[in-house]
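To start, the structure itself, in structure tokens.
No hydrogens, no waters, no symmetry mates; every other heavy atom, side chains included, goes into these values. In each ligand, atom 1 is the first atom listed, and ligand 1 is the first ligand listed.
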Amino acid sequence: MTALSPSNAVAVIGAGTMGAGIVQVAATAGHTVYIFDTSPEAIDKGIAQIEKFLARSVSKGRMDDEERISILGRIKPCSKLEDLAPAKLVIEAIIENIEVKRSVFGQLEDILDDDAILASNTSSISITEIAAKLKRPERMVGMHFFNPAPIMKLVEIIHGLVTDKEVADIAFATAEAWGKKVVHAKSTPGFIVNRVARPFYSEALRILQEGGADIPTIDSCIREAGGFRMGPFELMDLIGNDINFSVTQSVYNAYFQEPRYRPSLIQQEQVAAGRYGRKSGQGYYDYSEGATTPEPSTAASAPAPTEITLIGENSLLDPLAKLAEEAGIKVIKGDTEELSGFMIDDVLVLLSDGTPASELTNVLSSPTIVFDLALDYKAASRIALAKGDQVSGDDLAKAVGFFQALGKKVSVIDDCPGLIVMRIIAMLANEGSDAVYQGVTTPEGVDIAMMNGVNYPKGPMQWAQDIGLEHIFSTLDALSSFYGEDRYRTSPLLRRAVIAGKDLV
Ligand code: NAI
């Protein structure tokens with residue numbers, strides 16, 4: 001399907017945070033862009049925001065002045081909806097209110113040509129519902145940009161129940177021509193990103209609520225081992241706890257109180273206290289002047305082992321064995337077993353598969369320490385460990401000393417199933433699988449969306465594949481049996497892939 005040619009005019013309604021960004025994207029791609037807002041001041045502010053962005057691009061050498069002037073020349077402020085008549089694509093980015101959106105699109109149908117595409121940038125309202133009362137509901141599609149629109153790469157193309165496939169395909173090709181990474185998604189609550197991302201926050205909040213680890217430790221492990229740019233609490237503080245809490249509540253209620261999306265009492269308390277995050281000066285962290293950033297819990301230094309035995313054949317752990325050899329530790333190849341990890345004297349140090357170390361200590365009749373997942377064990381600068389409740393501090397020190405000898409900082413956390421990174425990645429992959437199973441998108445769609453909409457270092461579907469689907473499956477199974485909660489049930493898609501020995505991506 002071909003994109004809308006730049007010779008076709010585009011219109012944007014709403015000149016706020018998102019509208020102004022979308023105007024900039026479309027004008028930069030060469031379209032004449034009409035912009036309308038009920039508040040003329042908002043248009044002035046929006047254009048000033050674009051001018052500032054473009055001026056910075058020129059000063060940084062990313063664009064020449066001629067281009068800046070021609071982009072600004074293509075932006076046409078409008079004082080009434082009728083002025084948008086020449087547009088072939090209208091993108092609405094106004095207040096998140098179904099009645100107001102319906103009224104605007106109803107008026108637009110009488111103003112625009114019959115073949116114009118009506119798009120909404122809504123984050124949480126059903127495209128089917130916005131379109132329902134239109135004369136031509138099949139012309140309506142969602143084009144969900146991410147904030148800030150000129151920088152964030154992702155656009156989700158949302159298909160309402162009656163959206164014409166050709167309309168969605170043109171919207172897709174057009175966003176792609178504007179330099180975006182684009183995915184198709186069925187109109188379901190949260191679409192892809194705002195649904196699949198829920199466990200990133202909710203599992204971190206659960207670990208905190210259960211005393212598994214403190215805030216800076218969870219954030220540091222997610223950054224330093226998981227490879228994410230920000231930890232969940234840092235990100236919630238940036239987004240705003242009020243906004244994050246309201247998105248969670250909206251997705252939870254839209255799925256008829258699905259337990260996987262249940263909001264956290266901790267976050268509710270933050271919002272109740274006005275601790276919205278960066279914008280209010282206090283959230284999970286203190287942003288006031290002179291405030292110090294709390295440190296993650298880091299284990300004191302322990303002696304390095306002289307030799308270790310490698311257990312299992314998990315290629316994920318190859319970098320650790322290599323680092324051990326480089327650190328002068330003798331690495332003995334042990335028997336191939338179901339388990340993945342190392343043995344130091346009689347202490348088992350195993351990659352978490354969700355089973356708590358206390359349970360493994362009983363089942364395996366050896367003191368057991370579990371360690372967390374890392375995106376890349378060579379690059380990871382921190383690893384979380386948990387010991388079985390029956391395991392001694394001396395045995396724990398053997399595992400701590402081992403990882404420290406490999407150049408890692410160690411955070412010893414409570415024996416919570418799946419630790420931090422493994423638990424969150426397994427739940428993200430489970431959520432992605434469920435979205436695919438319910439026909440919202442494809443596995444590739446999940447990965448493109450999460451990498452480009454929220455900057456994940458790897459798509460959760462590919463990540464699950466790389467870890468091993470059986471390993472992810474057993475992590476979820478362990479969480480489910482430990483908590484006995486519906487929230488941790490495995491997605492049928494993942495279950496079927498494991499049974500059939502098939503790949504997800
Ligand atoms: P905003 O509050 O910054 O801007 C909304 C603008 O719409 C305001 O300038 C307001 O004057 C104008 N407006 C309100 N009613 C109008 C009407 N009837 N006709 C014309 N203009 C009208 O809001 P923001 O954050 O830009 O959000 C806009 C839409 O984008 C919402 O649907 C939101 O869900 C969605 N969205 C927001 C994201 C964000 O991070 N802020 C991300 C992705 C989507």
- Query: Considering only the protein, which heavy-atom contact is closest to atom 30 (O) of ligand 1, and what is its distance?
  - Reply: Asn121 ND2, 3.0 Å
- Which bit of Val100 is near ligand 1, meaning a heavy atom under 4.0 Å away: side chain, backbone, both or neither? side chain
- Query: Is any NZ, NE, NH1 or NH2 atom of the basic residue among Glu176 and Lys180 found under 4.0 Å from an Asp or Glu carboxylate oxygen of the other?
  - Reply: no
- Subset of ligand 1 atoms that lie under 4.0 Å from at least one heavy atom of His144: 43 (C), 44 (C)
- Message: Donor-acceptor check, side chain of Ser70 to backbone of Glu67, threshold 3.5 angstrom: yes or no?
- Response: yes
- Message: Just to be sure I read this right, does ligand 1 sit under 4.0 Å from the backbone of Ile13, its side chain, both, or neither, counting only heavy atoms?
- Response: side chain
- Query: In terms of residue, atom name and distance, what is the protein heavy atom nearest to atom 43 (C) of ligand 1?
  - Reply: Phe145 O, 3.2 Å
- Query: Just by distance, do the side chain of Ser411 and the backbone of Thr298 share a donor-acceptor pair under 3.5 Å?
  - Reply: no
- Message: Any side-chain to backbone donor/acceptor pair from Ser288 onto Ala291? Under 3.5 Å, distance only.
- Response: no
- Number the atoms of ligand 1 from 1 as they appear, then name those within less than 4.0 Å of a heavy atom of Val104, with their elements. 18 (N)
- Has the side chain of Lys101 got a donor or acceptor atom that lies under 3.5 Å from a matching backbone atom of Ser120? no
- Message: Between Arg198 and Glu431, does any side-chain N to carboxylate O distance fall below 4.0 Å?
- Response: no
- Message: Quick test: of every protein heavy atom, which one is nearest to atom 37 (C) of ligand 1, and how far off is it to 0.1 Å?
- Response: Met18 CG, 3.3 Å
- Do Asp486 and Arg489 have side chains that get closer than 4.5 Å, going by heavy atoms? yes
- Note the single closest protein heavy atom to atom 5 (C) of ligand 1, along with its residue, its atom name and the distance in Å. Ala93 O, 3.8 Å
- Protein heavy atom at shortest distance from atom 8 (C) of ligand 1: Asp37 OD2, 3.4 Å
- Task: Report yes or no: is the cationic atom of Arg206 (NZ for Lys, CZ for Arg) closer than 6.0 Å to the six-membered ring centre of Tyr483, at no more than 45° off its axis?
- Result: yes
- Task: Look up atom 23 (O) of ligand 1 and tell me if a protein heavy atom lies less than 4.0 Å from it?
- Result: no
- Using a 4.0 Å heavy-atom cut-off, say whether Ser123 meets ligand 1 through its side chain, its backbone, both or neither. both
- Residue that, paired with Tyr261, satisfies ring pair (Phe, Tyr, Trp, His ring centres under 6.0 Å) out of Tyr255, Tyr252, Tyr201: Tyr255
- Polar contact flag for Thr17 and ligand 1 (N/O pairs, less than 3.5 Å): yes
- Query: Are any of the N/O atoms in Ile94 less than 3.5 Å from those in ligand 1?
  - Reply: yes
- Among all protein non-hydrogen atoms, which one is nearest to atom 15 (N) of ligand 1, and what is the separation to 0.1 Å? Ile95 CG2, 3.7 Å
- Judging by distance only, is a nitrogen or oxygen of Glu92 under 3.5 angstrom from one on ligand 1? no
- Taking atom 19 (N) of ligand 1 as the reference point, the nearest protein heavy atom with its distance: Thr38 CG2, 3.5 Å
- Query: So is Lys101 in contact with ligand 1, going by heavy-atom distances below 4.0 Å?
  - Reply: yes
- ligand 1 atoms nearer than 4.0 angstrom to some heavy atom of Thr122 are 32 (O)
- Message: We want to know whether Glu99 and Ser103 form a side-chain donor-acceptor pair, criterion being a heavy-atom distance below 3.5 angstrom.
- Response: no
- Between Arg275 (side chain) and Tyr284 (backbone), is there a donor-acceptor pair under 3.5 Å? no
- For Ala42, the ligand 1 atoms whose distance to one of its heavy atoms is below 4.0 Å: 9 (O)
- Query: Could a heavy atom of Phe146 be found less than 4.0 Å from some atom of ligand 1?
  - Reply: no
- Among Leu375, Ile420, Thr475, Leu373, the one residue meeting side chain to side chain contact (heavy atoms under 4.5 Å, CB included) with Ile425: Leu373
- Item | Backbone N/O of Lys181 and side chain of Asn452: donor-acceptor pair under 3.5 Å | no
- Note on the structure: Partner of His184 under side chain to side chain donor-acceptor pair (under 3.5 Å), picked from Lys165, His159, Glu156, is His159
- Query: Asn147 heavy atoms, cut-off 4.0 Å: which ligand 1 atoms fall inside?
  - Reply: 40 (O)
- Item | Subset of ligand 1 atoms that lie under 4.0 Å from at least one heavy atom of Gly14 | 7 (O)
- Query: Which protein non-hydrogen atom lies closest to atom 33 (C) of ligand 1, naming both residue and atom, and how far is it?
  - Reply: Glu96 OE1, 3.7 Å
